[in-house]
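Single-structure report; data block below.
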Amino acid sequence: MIAYIKGQLELIGEDYVIVDHDGIGYQIFVPASVIDQMPERGSMVKIYTYLYVREDNMCLYGFMTRDDLTVFRLLITVNGIGPRGALGILSTISPDELRFAVLAEDIKTISKAPGIGQKTARKLVIELKDKLSLSDALDSLADPSPVVGRVDTDSKNEAVLAMVALGYSQTQALQAVRKCDITEDMTSDEILKLALKKALTL
C-alpha cells in the first residue's frame, strides 16, 4: 500500500495531479477541493493516497489530509459508491460537513453530490451512521492558529446547537459557523449572530 507520495508537482489536471517522485510521475485522482489547494507547478507537495486495484484498473486517489483519506475509505465501503462517487461527494461536502449530514440524516445535503441520488444518500446514512463520530466534527471547530490562540470550542458548539434549535440543519449550522471570522474572546451569542448572517449566503 502507498500511504502517501511526496514530490514535485508537475501537472494539475481537471480531476487529477501528477507528482514526480524520484523521476517517476504518479497520476493521482483528487477531489475538486484538493485541486483548489494546489500550489504552483514545481512546488513540493505531500498527498495521502489510496491505491484502488481491480482486475482491469489500478488508480491512485489522493487527499491533503489523513482525515479526508479516512472518510474516502469509509465512503467506498458503501454499496453503490465507488472511488469516483466518493471523490464527487468530497468535492461537494467536506469530511466534517459529511459527518454532520450523516448523523443528522440530512439526505438533501448528501444528494447534492454529483451522481448521488436520494436512494444512495439514504443508503450512505444507514451504513455510515455508526462509523462516523460527531465529536470529530465538533473538535475541528477549534481554531488551531498559534497566533490568535484557540477559540473556545464550547462557544462554537453552542452556536451550532442554537442554530439547529432555530430550524437550521446541523450541516447548515456547521457551515455557517465555520465561515465566521471568530476571535478567542467572542461569546456564543456573538458567534451565533455572525453565523446567522453567514447562513443567508449559503
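As a basis for the values below, the full set of heavy atoms in this structure was taken, side chains included, without hydrogen atoms, waters or symmetry mates. Nothing fancy with the numbering, it's 1 onward along the sequence. Computed from a predicted structure; not experimentally measured.
No more than 12 heavy-atom neighbours from other residues, nucleotides or ligands sit within 6.0 angstrom of NZ on K193. Residue E40 places its CD atom among 12 or fewer non-hydrogen atoms of other residues, nucleotides or ligands, all under 6.0 Å distant. Environment of CG in D181: sparse, with no more than 12 heavy atoms of neighbouring residues, nucleotides or ligands closer than 6.0 Å.
Taking the six-membered ring for Trp and thresholds of 30 and 60 degrees, Y52 and Y61 have ring planes more than 60 degrees apart, a perpendicular arrangement.
Of the N and O atoms on the side chains of D185 and T183, at least one donor lies less than 3.5 Å from an acceptor on the other residue.
Side-chain contact check for Y4 versus L69: every heavy-atom pair is 4.5 Å or farther apart. The side-chain heavy atoms of I89 and I81, taken from C-beta on, include a pair separated by under 4.5 Å. Looking at F100 and D106, their side chains never come closer than 4.5 Å, going by heavy atoms from C-beta outward. Using a 4.5 Å cut-off on side-chain heavy atoms (C-beta onward), M163 and Q172 make no contact. Side-chain contact between L60 and I5 is present, with heavy atoms from C-beta onward closer than 4.5 Å. In this structure the side chain of R99 reaches within 4.5 angstrom of the side chain of V71, judged on heavy atoms. Side-chain contact between F72 and P83 is present, with at least one heavy-atom pair separated by less than 4.5 Å. Taking the side chain as every heavy atom from C-beta outward, I110 and L124 approach each other to under 4.5 Å.
Taken from CG in L75 to CD in E127, the straight-line distance is 11.0 Å, to the nearest 0.5 Å. With rounding to the nearest 0.5 angstrom, the CZ atom of R178 is 4.5 Å from the OG atom of S94. Atom-to-atom distance recorded for I12:CD1 and E14:CD is 13.0 Å, nearest 0.5 angstrom. Separating the CD1 atom in I93 from the OG atom in S33 is a distance of 11.5 Å, to the nearest 0.5 Å. In this structure, K156 NZ and I182 CD1 are separated by 4.5 Å, a value rounded to the nearest 0.5 Å.
Counting only distance, with no hydrogens or angles, the side chain of S91 and the backbone of A32 share a donor-acceptor pair below 3.5 Å. Within the 3.5 Å criterion, the main-chain N or O of I107 finds a donor-acceptor partner in the side chain of S111.
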Show me the donor-acceptor pairs, under 3.5 Å and distance only, between side chains in residues 21-31 and residues at least two apart or in other chains.
unit_1 : atom_1 : unit_2 : atom_2 : d
H21    : ND1    : K6     : O      : 2.9

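The side-chain contact (heavy atoms from CB on, under 4.5 Å) check on L74 picks up L128, K131, L132, with sequence neighbours excluded. Residues passing the salt bridge (Lys or Arg N to Asp or Glu O under 4.0 Å) test with E105 are K129, sequence neighbours excluded.
Under the 4.5 Å side-chain heavy-atom criterion for ILVMFWY residues, no single connected hydrophobic cluster contains both M38 and M44.
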- [ ] Could you please spell out the steps behind the side-chain contact (heavy atoms from CB on, under 4.5 Å) verdict for T70 and F63?
- [x] CA-CA 10 Å; T70 297; F63 307 90; over 6 Å; no

